[in-house]
Amino acid sequence: MSSSLRLQMRLAVRNLIRQRRRTLLSGAAMVVGMALLVFSRALAEGGHEDWIDAGVRLGSGHVSIQAPEYRRQRTLEHRLTNDDRLAVDAGLAEPGVAQRLVAEAPRLAVQGLASSASSALPVGVTGVDPTAEQGFSLLPERLEAGRYLEPDDRLHAYVGARLAERLDLEPGDRFVLTAQDASGEIVGQMARVVGTFRTGIPEADEALIQIPLRTAQEWLGVPGAVTSIDLLLESSRAVRPVLASLETALGEGSSTVVPLDWREAQPELDAAVRMDDWADYVFHTILFGIAALAIINTILMSVMQRTREFGVLRALGLRRAEVGRLVFTEGMLLTIVSGLTGMLLGLAVVWLFFRDGLDFSSLMREEMTAAGVVIDPVIVPRFHPTQIAQSLFFILSIGILASIYPAWRATRIDVAEAMKFAE
Amino acid sequence: MNEITAGPDQQSSPAGTSGTLRTGERPAAVRTDNLWKVFEHDDIRVEAVRGVTFRIDPGEFVVLAGPSGSGKTTLLNLIGGLTRPTDGQVWVDGREIGSLPDRELAEIRLERVGFVFQAYNLLPVLTALENAEFTLLLRGVPSAERRIRVEKLFEQIGIAGLEDRLPGKLSGGQQQRVAVARAVVGEPALVLADEPTANLDTATSASLIDLMSELNRELGTTFVFATHDPMLMERARRNVQLVDGSIVADERRD
């Protein structure tokens, strides 16, 4: 470091220390602002991740592998055959996928009618592998009565609690499912209620039934076939690399199999998360503004009060730009030191709540749902390394924005006039 | 108050024969030619310096004297390049400075001119030693050499042992001695002092004047003062009297 730069740093540090109270107040605003920013980012990240996690576990996973047309026409015509499933299995064995894969669930879904002695209602029937679902879906955890499906079950059904009520069914009762099979014929299937579930989401509780996959395949005349293979990944951040690996493995633009991410498969959830993101951005922008104003106020006040001092510096031979740089250094120093302190404080708070999370249940009178997902009242903050980069970017931006105007003002000082200035 | 600065045609006007430097002649420490400084504010025009032409030779110990508002400080600021002339020219150590760009003007102030102000104007966050070595540091003089030069000077001007004190912990007289050390340590061609004794008691003023007189003799540094102080006027070897921005008397004393 040149002696001139060392002098600037020395002057900047000592001037900040000289105005101790003002420096501490502005620094504190920056520390609190930055800590809040880091913590609220981690909380938002955690909230979104929980939200997405709950959404994908009730829906079609982080990634859903389907036939290309299935998204638009949900009929058995657009199903994955045994050959397709072999190709998918090879794709899932790719290291880029396997490392990030938590669970996979083959599913065969159709729209149909459930009829009991008292009523008949439209339903969505999904044939599932009970073992795979245990590690994937939230439905087994939402058991209300009876039990969940087991691998040896054949003619059993796991039914939404509201649907069971409306059909007047209880565990052990029998009912009939009717749907169109692969050839377009209407076919019926008798099933016995093995258990009921309650998720809090009307769409699931009123119209969803799970039956064993093999039963569904036989009933609908599509042995070995499924309509989707849904993947649960370690986090939503894994979606992009997994999609890239899968597309490579399956052949980009494959005519028989296409992997869809949760945003495409569950557009309502995607829209809700994006809206929440925007609300976060607004909040963070306000925090950013408050922190920037605190710093700009301190540095500008310092410039106004030290007009005479800047006049002396100019008289002694400092150039305009050097005086500006001195003020800029003070602003950046205050911002960087307090910003980093705030970031560390925010990280400490995140770490403190990392295990148990924050319980907002006292603020929620009843179960809250959004975009077909029940919001978990306990939010666990999550910190991702990119947030450190974002925070550093915030700190530098605030420093530059808050220091540049006072620095410019300092360069504009008229030396002779400044010498008349009474401090 | 708005300043009226010279237009390009005015800046490039010739200095006149009286100001022309002949080959081999030693340049004046300061020379002005028909120097004007006019301030305008709310339609009020103040002619602070009116057509001043004079010369100060190297090694002189000169006082610019006159009542308040006579233009002493403005003339000193013009000589020091702290403000620009409305018209006319000013040379410092042979270089015309009135029309120099800011950057070069800052360089002249750093290399050729030392300032002593009425209110000491030490940088409050730097120690006495750091204040005194400030211009040397800006010039890139190595740390060890800076320290040696400042300590020697502090010894010479009677403030040895105060190197590490902050200005707030020094008396007015001590602060002004540090300010004088800061002004002369870089051995400038010229030291400009604006009312340097105004805030000091008689004994301290006398001792400071002794000090500057000694530095003038020993180092050959040119000193130009703007002052009301009769004691300082008494000790000066040349007394330039200003009234309403013009020189009305210029007395030399051997």
Side-chain angles (χ1 to χ4, degrees), chain A residues 1-23 298-299 302-327 329-330 333-334 408 410-423, chain B residues 1-3 37 39 48 73-74 76-78 80-84 101-127 130-143 146 166-168 179 182-183 185-186 188 192 194-195:
Chain A
M1 199 191 295
S2 76
S3 54
S4 168
L5 267 179
R6 267 205 305 273
L7 173 71
Q8 294 213 342
M9 282 300 285
R10 198 188 308 164
L11 281 171
V13 170
R14 292 190 195 171
N15 275 316
L16 288 171
I17 294 171
R18 173 182 164 205
Q19 298 292 343
R20 196 169 297 141
R21 191 180 303 169
R22 203 166 55 200
T23 302
T298 300
I299 304 300
S302 172
V303 169
M304 310 285 253
Q305 283 186 349
R306 286 155 58 205
T307 300
R308 191 189 183 101
E309 191 179 312
F310 292 127
V312 173
L313 288 171
R314 293 286 316 282
L316 293 178
L318 234 63
R319 292 192 286 265
R320 281 185 193 280
E322 288 172 322
V323 171
R325 205 153 58 212
L326 177 66
V327 174
T329 307
E330 274 180 42
L333 200 64
L334 174 60
W408 179 79
T411 65
R412 298 290 95 197
I413 285 171
D414 179 275
V415 189
E417 285 297 314
M419 306 307 285
K420 295 179 197 161
F421 189 84
E423 287 186 21
Chain B
M1 190 173 283
N2 296 328
E3 295 176 21
K37 183 67 187 180
F39 296 99
T73 297
T74 307
L76 213 61
N77 286 343
L78 286 165
L82 300 184
T83 191
R84 291 182 186 276
D102 260 3
R103 195 183 171 84
E104 286 180 44
L105 209 50
E107 212 166 280
I108 295 270
R109 286 198 295 265
L110 177 62
E111 302 281 346
R112 312 303 300 148
V113 186
F115 289 92
V116 180
F117 307 98
Q118 177 182 344
Y120 326 132
N121 285 335
L122 298 177
L123 297 171
V125 294
L126 299 183
T127 63
E130 288 168 336
N131 263 288
E133 69 170 10
F134 192 83
T135 54
L136 295 181
L137 198 149
L138 292 180
R139 287 193 210 174
V141 176
S143 165
R146 291 200 307 264
L166 287 170
R182 179 175 68 186
V185 72
L192 303 174
D194 189 8
E195 305 278 10

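Throughout, a chain's letter reflects where its sequence line sits, starting with A, and its residues are numbered from 1. The shown structure was predicted, so the numbers you read here are calculated from the model rather than taken from an experiment.
At a threshold of 4.5 Å between non-hydrogen side-chain atoms, the residues A:Val415 and B:Asn77 do not count as touching. Annotation: side chain of B:Leu123 is not in contact with side chain of A:Arg14 (no heavy-atom distance under 4.5 Å). In this structure, A:Arg18 and B:Leu166 have side chains that are not in contact, with every pair of non-hydrogen atoms separated by 4.5 Å or more.
Listed by chain and residue number, A:Arg319 satisfy the salt bridge (Lys or Arg N to Asp or Glu O under 4.0 Å) test with A:Glu322 (two or more places apart in sequence, or in another chain). Here A:Arg320 pairs with B:Asp102 under the salt bridge (Lys or Arg N to Asp or Glu O under 4.0 Å) rule; sequence neighbours left out.
Among the candidates B:Leu126, B:Leu122, B:Val125, the residue making the largest number of heavy-atom pairs closer than 4.5 Å to chain A is B:Val125.
Proximity to chain B (any heavy atom under 4.5 Å) is shown, for A:Leu318, by both the backbone and the side chain. Within the 4.5 angstrom heavy-atom criterion, only side-chain atoms of B:Arg182, from C-beta onward, approach chain A. At a 4.5 Å heavy-atom cutoff, the contact between B:Glu130 and chain A is made by side-chain atoms alone. Of the atoms belonging to B:Glu104, not a single heavy atom falls under 4.5 Å from chain A.
Contact detail for B:Arg109 and A:Arg314: the closest heavy-atom pair is NE-O, 2.9 Å. Across all their heavy atoms, B:Leu110 and A:Gly317 have their closest contact at CB-CA, 3.8 Å. Closest non-hydrogen pair, B:Phe117 versus A:Ala315, comes out as CZ-CB, 3.9 Å.
Taking CG of A:Leu316 as the start and CG of B:Leu137 as the end, the distance is 12.0 Å to the nearest 0.5 Å.
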